[in-house]
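In what follows, a structure is listed as structure tokens, so that the remarks can point back to it.
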Amino acid sequence: MTIDWTAFTPATALAGGALIGLASVLLLIFNGRIAGISGVLGGLLEGSSGIGWRLAFIIGLLAAPLAWQLFVALPPIKIEAGYPTLIAAGLLVGFGTRLGSGCTSGHGVCGLSRLSPRSLVATLVFMAAGFATVYVVRHLLAA
């Protein structure tokens with residue numbers, strides 16, 4: 001994956017972060033639920049209660065970039081990994097979110113804002129694993 005840094009603008013990143021925070025707060029206030037994507041999707045796949053709001057949440061996640069693209073051109077995305085790598089990565093992320101009882105959005109956005117020690121530890125582990133993975137892939141395996 002290549003990031004087009006010339007298309008990066010702090011204003012849109014700040015606005016996106018604010019919208020994520022606002023959506024998380026609204027979901028917690030009006031639905032009493034944490035906006036962890038793995039939990040929302042896992043509950044949807046398991047047929048847990050609240051299928052309507054879970055489905056609306058996932059559809060909103062998928063529709064938001066399409067709606068944004070109506071107003072602003074999105075930078076091109078280039079994914080350099082093949083399907084086997086993407087599938088393995090997705091399975092590892094799914095396993096990790098189950099093992100950690102949540103994902104980066106649940107722990108990092110919602111848990112940290114609620115001052116949860118468990119979410120702090122989980123977020124630190126996520127970040128450390130990400131840093132280690134990038135180092136291994138870019139510096140050890142690519143050499």
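- No continuous path of ILVMFWY side-chain contacts below 4.5 Å connects F126 to L115, so the two sit in separate hydrophobic clusters.
- The side chain to side chain contact (heavy atoms under 4.5 Å, CB included) test with V40 singles out one residue from L45, I58, L55, and that residue is I58.
- Hydrophobic clustering (side-chain heavy atoms under 4.5 Å, transitive across Ile, Leu, Val, Met, Phe, Trp, Tyr) keeps M127 apart from V137.
- Rounded to the nearest 0.5 Å, atoms CD (E80) and CG (L86) are 11.5 Å apart.
- Distance check, rounded to the nearest 0.5 Å: OG1 of T12 to CH2 of W68 gives 6.5 Å.
- Atoms OG and NE2, on S38 and H107 in that order, are 7.5 Å from each other to the nearest 0.5 Å.
- The two residues L74 and P65 make their nearest non-hydrogen contact at CD1-O, 4.0 Å.
- The nearest pair of heavy atoms linking R54 to G43 is NH1-CA, 3.5 Å.
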Query raised in the report: Given the rule in the side chain to side chain contact (heavy atoms under 4.5 Å, CB included) test, do L41 and F57 qualify, once you have shown the distances and angles that lead to the verdict?
Result: CA-CA 9 Å; L41 183 60; F57 197 93; over 6 Å; no

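- Residues L44 and I37 fall within the same hydrophobic cluster, defined by Ile, Leu, Val, Met, Phe, Trp and Tyr side chains chained together at heavy-atom separations under 4.5 Å.
- For the pair R118 and S101, the tightest heavy-atom approach, listed with the atom from each and the gap, is NH1-CB, 3.5 Å.
- Hydrophobic clustering, with ILVMFWY side chains joined whenever heavy atoms are under 4.5 angstrom apart, keeps I34 apart from V25.
- The minimum heavy-atom distance between A35 and C110, with the atom names listed, is N-SG, 3.6 Å.
- The CD1 atom of I87 lies 12.0 Å from the CG atom of L92; values are rounded to the nearest 0.5 Å.
- Looking only at side-chain heavy atoms (C-beta outward), T123 and T104 stay at 4.5 Å or farther from each other.
- Note on L22 and I29: same hydrophobic cluster, where clusters join Ile, Leu, Val, Met, Phe, Trp and Tyr whose side-chain heavy atoms are under 4.5 Å apart, directly or indirectly.
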